[in-house]
2 protein chains.
Amino acid sequence: MAEKQISIRDVAALAGVSVGSASRVINGAANVTPDVRERVDRAIAALRYRPNHAAQSLRSRTSKTIGCMFSDVANPLYARAFRALEEHFRREGYMLLLANGLNDAEREIDIIQTFQLRGMDGVILAPGNERHPGVLDAVRRLSMPAVIYDRDLAVDADAVLFDHVAGVKAAIHHLVELGHTRIALALWQVKSRPVRRRIEGYKAAFKAAGLPVPDLILQEPTPTSSAFDDVTRLLQLPDPPTAFLAQGTHTLTSTLRAIAKQGLRVPEDVSVIGIGDTDFAQTYDPPLTVLRTPTDEVAAHAVEMLLSRLAAKGDASLSPRKALIQFDLILRESCAPVARH
Amino acid sequence: MAEKQISIRDVAALAGVSVGSASRVINGAANVTPDVRERVDRAIAALRYRPNHAAQSLRSRTSKTIGCMFSDVANPLYARAFRALEEHFRREGYMLLLANGLNDAEREIDIIQTFQLRGMDGVILAPGNERHPGVLDAVRRLSMPAVIYDRDLAVDADAVLFDHVAGVKAAIHHLVELGHTRIALALWQVKSRPVRRRIEGYKAAFKAAGLPVPDLILQEPTPTSSAFDDVTRLLQLPDPPTAFLAQGTHTLTSTLRAIAKQGLRVPEDVSVIGIGDTDFAQTYDPPLTVLRTPTDEVAAHAVEMLLSRLAAKGDASLSPRKALIQFDLILRESCAPVARH
DNA sequence: CTGAAAGCGCTAACAC
DNA sequence: GTGTTAGCGCTTTCAG
């Protein structure tokens with residue numbers, strides 16, 4: 001267990017070279033004689049030498065670590081995002097520190113500060129509190145590159161943003177084409193970028209279609225409440241919605257339950273489109289039409305943004321870049337022409 | 001942005017004390033005069049000083065970081081486990097490095113070695129490959145305390161293990177009490193501890209009840225296949241199962257879909273118990289009876305094990321401890337007495 | 001291309 | 001109780 005740590009000195013000694021040369025070999029520097037390189041490599045293997053990460057960090061001022069803060073990985077959409085990010089960063093030798101902000105401003109501030117403190121090489125942030133002065137301040141104070149993940153944060157940082165407006169418009173358009181006009185939008189309580197933009201897209205879609213915007217936007221009143229009651233109420237209206245656009249996992253599930261409970265069928269009686277693709281949406285009966293975010297593309301963007309800034313050594317001349325990611329409307333079997341009766 | 005880094009030297013200088021004293025104040029050492037403490041604190045505040053984490057790690061040989069390797073955070077059960085672990089470790093000032101092993105041995109080995117390399121203070125591991133020599137070797141080589149998360153690994157490490165046998169027995173017992181004997185068990189493909197133990201518990205339960213063990217264990221053949229076809233086949237048998245015990249998220253979902261597709265109702269025609277509690281199980285119609293693991297208790301155990309070893313400074317005299325965690329059978333509405341016809 | 005030497009910022013002995 | 005000092009293990013000038 002406690003075999004004393006082998007240092008680069010031991011390697012250099014065994015290889016009969018200087019510490020400097022050993023370091024060059026380890027870091028794959030160009031100017032090294034094949035002979036030296038081989039002797040060092042042999043010594044490394046013989047001693048089972050592994051460089052000390054803390055020392056490398058201290059000296060080189062890079063930690064090869066990226067900090068990620070999402071609201072909650074228990075949300076499958078964030079879990080997927082994390083997976084994709086991990087995949088890309090792994091290839092470049094980075095590891096990920098993950099922290100859940102839980103939409104709690106104090107906690108978010110604390111996490112951001114800790115990332116700073118621990119010298120992350122970069123961070124990916126999705127704070128729930130987009131206008132909280134403390135959060136903004138913490139982000140602004142960051143000395144490493146940051147990528148904001150689908151949030152409207154008034155800071156000078158790169159961002160990957162989903163084009164919710166276009167996505168929702170496409171979904172509504174699809175439903176309108178099928179003859180629907182009474183289309184409800186079921187959202188989660190929190191009023192962060194995704195929710196705000198979806199509402200915006202919803203209104204824009206109806207205007208674009210020359211239709212009045214229906215009063216059918218649902219927002220769950222508390223974090224623990226579900227859309228179930230609201231959807232039920234809507235369905236009992238004299239002129240009930242014939243289609244639903246429902247976000248996420250929890251809201252979508254509640255919406256579907258409420259529909260089933262009213263004895264209505266999808267898609268014969270009610271059409272449904274989910275926002276965000278999950279196992280659930282794919283395996284539901286019927287499989288659900290959804291707006292899907294290209295997880296891998298998103299991760300690729302975020303990683304590229306971070307790495308290029310890292311390569312630029314913090315050269316502040318690069319102005320902030322925003323990647324606007326489009327949703328794909330994945331047609332499955334949960335939408336049908338409106339039933340006229 | 002690039003305000004030059006403030007060091008403990010600057011703090012000491014401003015406070016008019018030595019770096020040693022400054023360090024003591026920062027680390028909350030006992031023997032410091034209130035006067036010195038105050039001056040240092042004031043200097044820290046004035047300079048907005050933040051200690052350099054890499055330097056602290058290098059010198060103190062602790063990183064205040066825990067490595068977590070699960071199969072896949074996209075599995076909501078692991079996501080919850082992570083959340084709970086984060087909660088406990090946060091309080092103690094630790095952050096978590098998360099990596100997904102994806103049941104790939106090479107990847108798992110690489111992750112474990114990286115944890116070692118980066119000097120994690122402790123690790124929590126759930127490798128999918130429990131008997132892979134390389135994985136075992138990597139775990140054995142670890143110089144920091146490890147907690148094995150519900151895996152049967154032949155290593156000298158602490159472990160948190162779920163009592164699947166007792167859990168499944170309780171579930172089967174419940175169904176037997178309701179008159180069921182044709183009870184199927186739907187599992188995922190991978191043959192790691194949870195799956196093996198559940199099969200064991202299944203058989204034990206029938207033996208304990210004095211009943212023959214039915215030939216109704218389903219294992220999905222490939223990672224991408226679903227239990228759907230197998231469940232469908234079973235339901236079309238002349239003597240179909242009247243109850244299902246289905247694990248996880250994916251398997252459970254497929255099982256329910258197959259049941260619905262056959263025009264059968266839960267619980268009137270078929271009773272269902274899930275293994276693992278999720279939003280899905282709670283919001284399904286009807287809400288599902290499940291075997292639930294006390295996530296928070298599990299995390300508390302794991303954290304306690306790790307921290308106590310850390311406190312013992314690697315004193316190897318503590319023999320490995322195993323915590324056996326019991327499932328709770330949460331009764332909801334998916335089980336009913338067997339329908340006799 | 002290689003070696004020597006100077007620290008990165010901090011903590012932990014050890015004197016005082 | 002406080003100051004001094006010696007490194008932790010590594011990378012990175014800077015000579016040669």
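This is a predicted model, so every value here is computed, not measured. Proteins get letters first, then strands, A, B, ... in listed order; numbering begins at 1 in each.
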Separation of [X] atom [atom1] from [N] atom [atom2], in whole Å?
X	N	atom1	atom2	result
B:Asn52	C:dG7	CG	P	17 Å
A:Asn31	C:dT2	CG	C1'	9 Å
A:Arg9	D:dG9	CZ	P	8 Å
B:Ile26	C:dC10	CD1	C1'	9 Å
A:Arg118	C:dC10	CZ	P	15 Å
A:Tyr49	D:dG9	OH	C1'	7 Å
A:Lys64	D:dT11	NZ	C1'	15 Å
B:Ile6	C:dC8	CD1	P	15 Å

Practice problem: Answer with base, sugar-phosphate or nothing: what part of the nucleic acid does B:Ser23 contact at a heavy-atom distance below 4.0 Å? | Solution: base
Practice problem: Show your reasoning for whether salt bridge (charged side-chain N to carboxylate O under 4.0 Å, His left out) applies to B:Arg80 and B:Glu87. | Solution: CA-CA 11 Å; B:Arg80 285 197 176 201; B:Glu87 227 46 54; over 6 Å; no
Practice problem: Not counting sequence neighbours, which residues clear side chain to side chain donor-acceptor pair (under 3.5 Å) with A:Arg42? List them please. | Solution: A:Glu38
Quiz item: Is there a donor in the side chain of B:Arg118 and an acceptor in the side chain of B:Thr65, or the other way round, less than 3.5 Å apart?
Solution: no
Quiz item: Between A:His53 (side chain) and B:Gln116 (backbone), is there a donor-acceptor pair under 3.5 Å?
Solution: no
Tell me whether the OP1 or OP2 atom of [N] has a side-chain N or O from [X] closer than 4.0 Å.
X	N	answer
B:Ser21	D:dT2	no
A:Arg61	C:dG9	yes
A:Asn27	D:dT11	yes
A:Gln56	D:dG9	no

Quiz item: Between A:Tyr149 and A:Phe70, what is the ring plane arrangement, given parallel below 30°, perpendicular above 60°, and tilted in between?
Solution: perpendicular
Quiz item: Which angle, rounded to 10°, do you find between the first-five-pair axis and the last-five-pair axis of the helix from C:dC1-D:dG16 to C:dC16-D:dG1?
Solution: 30°
Quiz item: Taking atom CG of A:Leu102 and atom CD1 of A:Ile111, what is their separation to the nearest 0.5 Å?
Solution: 7.0 Å
Quiz item: Between B:Phe162 and B:Val298, is a side-chain contact (heavy atoms from CB on, under 4.5 Å) present by the stated rule, with each step listed?
Solution: CA-CA 9 Å; B:Phe162 295 120; B:Val298 173; 3.3 Å; yes
Quiz item: Between B:Ser18 and B:Ala55, which has a closest nucleotide on DNA chain D that is more 5'?
Solution: B:Ser18
Is any side-chain heavy atom of [X] closer than 4.5 Å to a side-chain heavy atom of [Y]?
X	Y	value
B:Val160	B:Glu304	no
B:Ile44	B:Ile26	yes
B:Arg151	B:Leu125	no

Quiz prompt | Pairs meeting criterion side-chain hydrogen bond (donor to acceptor under 3.5 Å, both in side chains) with involvement of residues 123-139 of chain A, two or more places apart | solution = A:Glu108-A:Asn129, A:Glu130-A:Arg196, A:Asp137-A:Arg141
Quiz item: Got a sec? Which of residues 33-41 of chain A come in under 4.0 Å of DNA chain D, heavy atoms?
Solution: none
Quiz item: Between A:Val19 and A:Ser60, who's closer to the 5' end of DNA chain C by nearest nucleotide?
Solution: A:Val19
Quiz item: Which residues satisfy the ring-ring contact (aromatic ring centres under 6.0 Å, His included) test with B:Tyr94, sequence neighbours excluded?
Solution: B:Phe89
Exercise. Can you check whether any acceptor in the base of C:dG9 is under 3.5 Å from a donor in the side chain of B:Arg59, or vice versa?
Key: no
Show each protein N/O and nucleotides 13-16 of chain C N/O combination with a separation under 3.5 Å, one pair to a line.
residue: C:dA13; atom: N6; partner: B:Arg24; partner atom: NH2; Å: 3.4

